[in-house]
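Take a look at the structure set out below.
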Amino acid sequence: MPSRISEAVDLHQNKYLDLNSMKELPESYAWTQLEHESSSSISSRKKESVPIIDLRHPDAVALVGRACITWGVFQVINHGIPKGLDQRIEGQVNSLFSLPMQRKLRAARSPDGISGYGVARISCFFQKLMWSEGFTIVGSPLEHARQLWPHGYTEFCDIIGEYDKEMKRLAGRIMWLILGSLGISEKEIRWVGSNRDFAEACAALQLNSYPPCPDPTRAMGLAAHTDSTIFTILHQSNTSGLEVLRGSSGWVAVPPVPRALVINVGDLLQILSNGLYQSVLHRALVNGKHHRLSVAYLYGPPKGAQISPLPKLISPACPPIYRSVTWAEYLQEKAKHFNKALSSVRICASIKGLQDAHDKIIQVDPRMNDIDGPFETKVILP
Ligand SMILES: C=C1C[C@]23C[C@@]1(O)CC[C@H]2[C@@]12CCC[C@@](C)(C(=O)O1)[C@H]2[C@@H]3C(=O)O
Ligand SMILES: O=C(O)CCC(=O)C(=O)O
Ligand SMILES: [Fe+2]
């Protein structure tokens, strides 16, 4: 039986395989059938689909509230992001991931860093590797862009800057819809900012690439996870792959809708809403023919802001179930406990009717069985 350390080294050595040139699925990327089962067949039979909300609808607040409670995810249209920006950002993402591996590695994320090129951060919690590459941007992408395109990095930086600005504006608007749906006014949030635009809010941009895969039914693009955000705004290219877990219905596909953006409830919104809006477990599957891209805007509170259940949502009958955390503290919990991060900040162990995403874990990765600690693979039965 190999030791945990040598397995970790194996993973590390496999880390930068060039997925774009592989003709067969290496064993290290082959996930078990069980992990793929329970997929969309059930949901498509039931004809359930993730709500699509027109942000210009007069009842947008109520629609958003209902979608947060019943799904934890929705798509938005008429969101005001300039036409064509989605295609321009996709062009940049495509050009980044099409670079030769040696070039991409110049912008590699350092082991303890946040920004840069690399495999999914959550890879260390899984036995198998994921069929994807990522590039994370926090703050300015300039230094990494220079490494990637020494003679032509400005276009990338300009488009990222424009996308970031537009996302921040949209995120502020969605914040108001969500807060409105919870009955929260501006007086009740310290960090709304003087222009009511959440100017100090922090965010990360995650660019994801899922190359065509020689054996897509055995591969996993991005394993099931929840985001450690208030919410995430996701643009997906015109190839399906995103799935969300919906209670007893199992995995439901979130099909790309032209110009629509997907909004995922994140863990911090679950904390703020005292468990009313639960973060959504989601994953990305891969495709045999098409290269899939996605751009996630991971939206969170300002640095140092304490996130805890909103006082208005608390009463003797509904005591706070989470302690207060900053985003940075929560990300540390996530890095340590992954699926169990929410329960690690829970102060009230069991509330009837409330389940954290991790409570749905029903089978521990057998390789991890004899290891103490939080290493668990989500295997969700139908
Ligand atoms: C702010 C962040 C959220 C994130 C970790 C990060 O520091 C930057 C990347 C984010 C991301 C994107 C892909 C899925 C995810 C779980 C991951 O591994 O990296 C999220 C992280 C998260 O939400 O916890
Ligand atoms: O590619 C996708 O559809 C999902 C990406 C995602 O979940 C993430 O970046 O957090
Ligand atoms: Fe995600």
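Indexing begins at 1, ligand by ligand and atom by atom, following the structure's order.
- Atom 10 (C) of ligand 1 is approached by the protein to below 4.0 angstrom, counting heavy atoms only.
- When heavy-atom distances to ligand 1 are checked against a 4.0 Å cut-off, Ile122 comes that close through both its backbone and its side chain.
- Both the backbone and the side chain of Arg121 come within contact range of ligand 1, each with a heavy atom under 4.0 Å.
- Polar contact with ligand 2: absent for Gln206 (N/O pair, distance under 3.5 Å).
- Between Gln236 and ligand 2, not a single N/O pair is under 3.5 Å apart.
- In this structure the side chain of Arg246 reaches within 4.5 angstrom of the side chain of Thr70, judged on heavy atoms.
- Minimum-distance N/O/S atom of Asp227 relative to the Fe ion (ligand 3): OD1.
- Inclusion of Thr136 in the set of residues having an N or O under 3.5 Å from an N or O of ligand 1 is not warranted.
- Per-residue contacts place Ser294 under 4.0 angstrom from the following atoms of ligand 2 (heavy atoms of the residue considered): 1 (O), 2 (C), 5 (C).
- Of all the heavy atoms of Leu234, the ones lying under 4.0 Å from any atom of ligand 2 belong exclusively to the side chain.
- Not a single protein heavy atom sits closer than 4.0 Å to atom 4 (C) of ligand 1.
- Between Asp267 and Lys334 there is a salt bridge, since at least one side-chain N of the basic residue sits less than 4.0 Å from a carboxylate O of the acidic one.
- Arg121 CZ: more than 12 foreign heavy atoms inside a 6.0 Å radius.
- Counting protein heavy atoms under 4.0 angstrom from atom 20 (C) of ligand 1 gives zero.
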